[in-house]
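All values below come from the heavy atoms of this structure, side chains included, with hydrogens, waters and symmetry mates left out. Since we're looking at a predicted model, the values are computed, not measured.
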Amino acid sequence: MLRRTARLLLSIVMLMAAGLAGVVATAGSAQADDCYTWSRTLSQGASGADVTQLQIRIAGYPGAGGVLAIDGAYGPATTAAVKRFQSAYGLSADGVAGPATFSKIYALQDSDCTPVHFSYAELNDCNTTWSGGAVSAATAKSNALRTMWKLEALRHALGDQPVTVTSGFRSQACNSAVGGASNSRHLYGDAADLGAGPHSLCKLAQTARNHGFNGILGPGYPGHSDHTHVDHRSSRFWSASSCGI
């Protein structure tokens with residue numbers, strides 16, 4: 001908690017300093033981070049691994065019904081997602097990922113690259129190895145990271161109140177034990193079941209439509225009266241009839 005607070009305070013100080021100077025700093029002047037540090041300002045037309053890393057963290061801002069491709073190419077969709085991210089956090093929404101944008105991301109993530117309000121353990125109460133699913137352990141864990149960043153965007157949109165994950169990655173054995181579907185997205189590590197808390201299950205399902213989830217299942221869909229399921233399958237399937245979805 002102290003480390004997160006210190007990181008946030010440093011980010012605020014940096015933004016104030018940049019404003020007083022009246023100049024645009026280079027990306028290299030942004031706060032270094034234990035997880036990943038961007039070394040250049042990114043804008044439309046850029047490509048590379050640093051763009052991919054950015055896309056993972058802003059994938060929860062694709063716009064209503066959209067899904068942002070994680071492809072390492074900074075095109076119009078990425079520009080628009082950056083603008084939404086910037087606007088959500090009170091930054092100048094110019095679609096250019098520079099020091100202010102990176103500093104906000106640094107403040108939002110822990111040293112293992114997960115967003116501050118979610119963790120790998122929270123997305124996997126099946127085992128510690130991420131093995132035994134429908135994909136390799138590395139892929140399952142990578143998928144879970146992408147899910148967490150979308151959940152962080154969902155959480156922020158809901159007023160930064162807690163979002164409770166009740167189920168994430170499952171191995172074949174764990175999936176069978178809970179009676180999961182044989183083709184469950186949980187086997188891929190890209191799904192999360194959300195429980196009711198500060199927000200109703202319907203509110204979670206309805207808001208998730210704006211944060212990059214192709215799969216949304218909730219109240220009204222068989223077996224989902226007690227949770228809302230989100231995932232990033234390859235094509236859209238939304239069904240929560242009790243919520244108007």
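- Not one N or O on the side chain of Trp149 forms a donor-acceptor pair closer than 3.5 Å with the backbone of Thr114.
- The CG atom of Leu217 sits 4.5 Å away from the NE2 atom of His224 when rounded to the nearest 0.5 Å.
- The shortest side-chain heavy-atom distance between Leu194 and Val165 falls under the 4.5 Å cut-off.
- A distance below 6.0 Å separates the ring centres of Trp38 and Tyr106.
- In this structure, Asp160 pairs ionically with Arg155, as a charged nitrogen and a carboxylate oxygen lie closer than 4.0 Å.
- The two residues Ala134 and Tyr188 make their nearest non-hydrogen contact at CB-CZ, 3.7 Å.
- Panel note: side chain Asp110, backbone Asp112; no donor-acceptor pair is recorded below 3.5 Å.
- Within the model, atoms NZ of Lys104 and CZ of Phe85 stand 7.0 Å from one another, a figure rounded to the nearest 0.5 Å.
- Side chain of Gln86 to backbone of Asp94: a donor-acceptor contact under 3.5 angstrom is found.
- A donor-acceptor pair is defined here as one N or O able to donate and one able to accept, closer than 3.5 Å; such a pair exists between the side chain of Gln206 and the backbone of Cys243.
- In this structure, the side chain of Ser47 does not engage the main chain of Gly72 through any donor-acceptor pair within 3.5 Å.
- At distances below 3.5 Å, not a single donor-acceptor pair connects side-chain atoms of Asp50 with backbone N or O atoms of Gln53.
- In this structure, CZ in Arg236 is found 8.0 Å from CD1 in Ile216, a value given to the nearest 0.5 Å.
- Residues Trp130 and Thr139 form no side-chain contact, since every pair of their non-hydrogen atoms from C-beta on lies 4.5 Å or further apart.
- Rounding to the nearest 0.5 Å places NE2 of His186 at 10.5 Å from CG of Leu123.
- Under the 3.5 Å distance criterion, the side-chain polar atoms of Arg185 are left unmatched by any main-chain donor or acceptor of Asp231.
- Using a 4.0 Å cut-off between charged nitrogen and carboxylate oxygen, Arg170 and Asp193 count as a salt-bridge pair.
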Fill in: Working for side chain to side chain contact (heavy atoms under 4.5 Å, CB included), residues Thr79 and Lys83
CA-CA 6 Å; Thr79 299; Lys83 287 181 179 179; 4.1 Å; yes
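- Expressed to the nearest 0.5 Å, how far OH of Tyr221 lies from CH2 of Trp238 amounts to 15.5 Å.
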Worksheet item: After noting the C-alpha distance and the side-chain angles of Leu204 and Val230, does the key distance pass the side chain to side chain contact (heavy atoms under 4.5 Å, CB included) rule?
Response: CA-CA 9 Å; Leu204 292 169; Val230 294; over 6 Å; no
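- Among all heavy-atom pairs drawn from Glu152 and Leu108, the shortest one is OE2-CD2, 4.1 Å.
- Gln172 places no side-chain N or O within 3.5 Å of a backbone atom of Leu187 that could act as its donor or acceptor partner.
- Of all non-hydrogen atoms in Val135 and Ala140, the two that sit nearest each other are CG2-N, 3.8 Å.
- Side chain of Asp226 to backbone of Gly195: no donor-acceptor contact under 3.5 angstrom is found.
- With contacts defined as side-chain heavy-atom distances shorter than 4.5 Å, the pair Tyr74/Val82 qualifies.
- Side-chain contact between Arg233 and Asp190 is absent, with no heavy-atom pair separated by less than 4.5 Å.
- Between Pro219 and Leu201, the closest heavy-atom pair is CG-CB, 3.8 Å.
- Hydrophobic cluster membership differs between Val96 and Leu91, with clusters built from Ile, Leu, Val, Met, Phe, Trp and Tyr side chains linked at under 4.5 angstrom.
- Counting heavy atoms from C-beta outward, Ser171 and Asn127 have side chains that approach closer than 4.5 Å.
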Discussion item. Between Tyr120 and Met148, does the side chain to side chain contact (heavy atoms under 4.5 Å, CB included) criterion hold? Intermediate values first, please.
Written reply: CA-CA 9 Å; Tyr120 282 119; Met148 283 186 271; 3.6 Å; yes
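- Phe213 and Ala208 make their closest contact through CD1-O, 3.7 Å (heavy atoms, listed as atom of the first residue, atom of the second, distance).
- Here the side chains of Thr41 and Pro99 are in contact, with some heavy-atom distance below 4.5 Å.
- Using a 4.5 Å heavy-atom threshold, the side chains of Tyr36 and Arg57 count as touching.
- Summarising the geometry, atom CD1 belonging to Ile245 is positioned 8.0 Å from atom OG1 belonging to Thr228; distances are rounded to the nearest 0.5 Å.
- The nearest pair of heavy atoms linking Pro62 to Ala59 is CD-O, 3.4 Å.
- Checked by atom type and distance alone, the side chain of Thr147 pairs as donor or acceptor with a backbone atom of Asn143 at under 3.5 Å.
- Contact annotation: the side chain of Val51 approaches that of Gln55 to within less than 4.5 Å [non-hydrogen atoms, C-beta and beyond].
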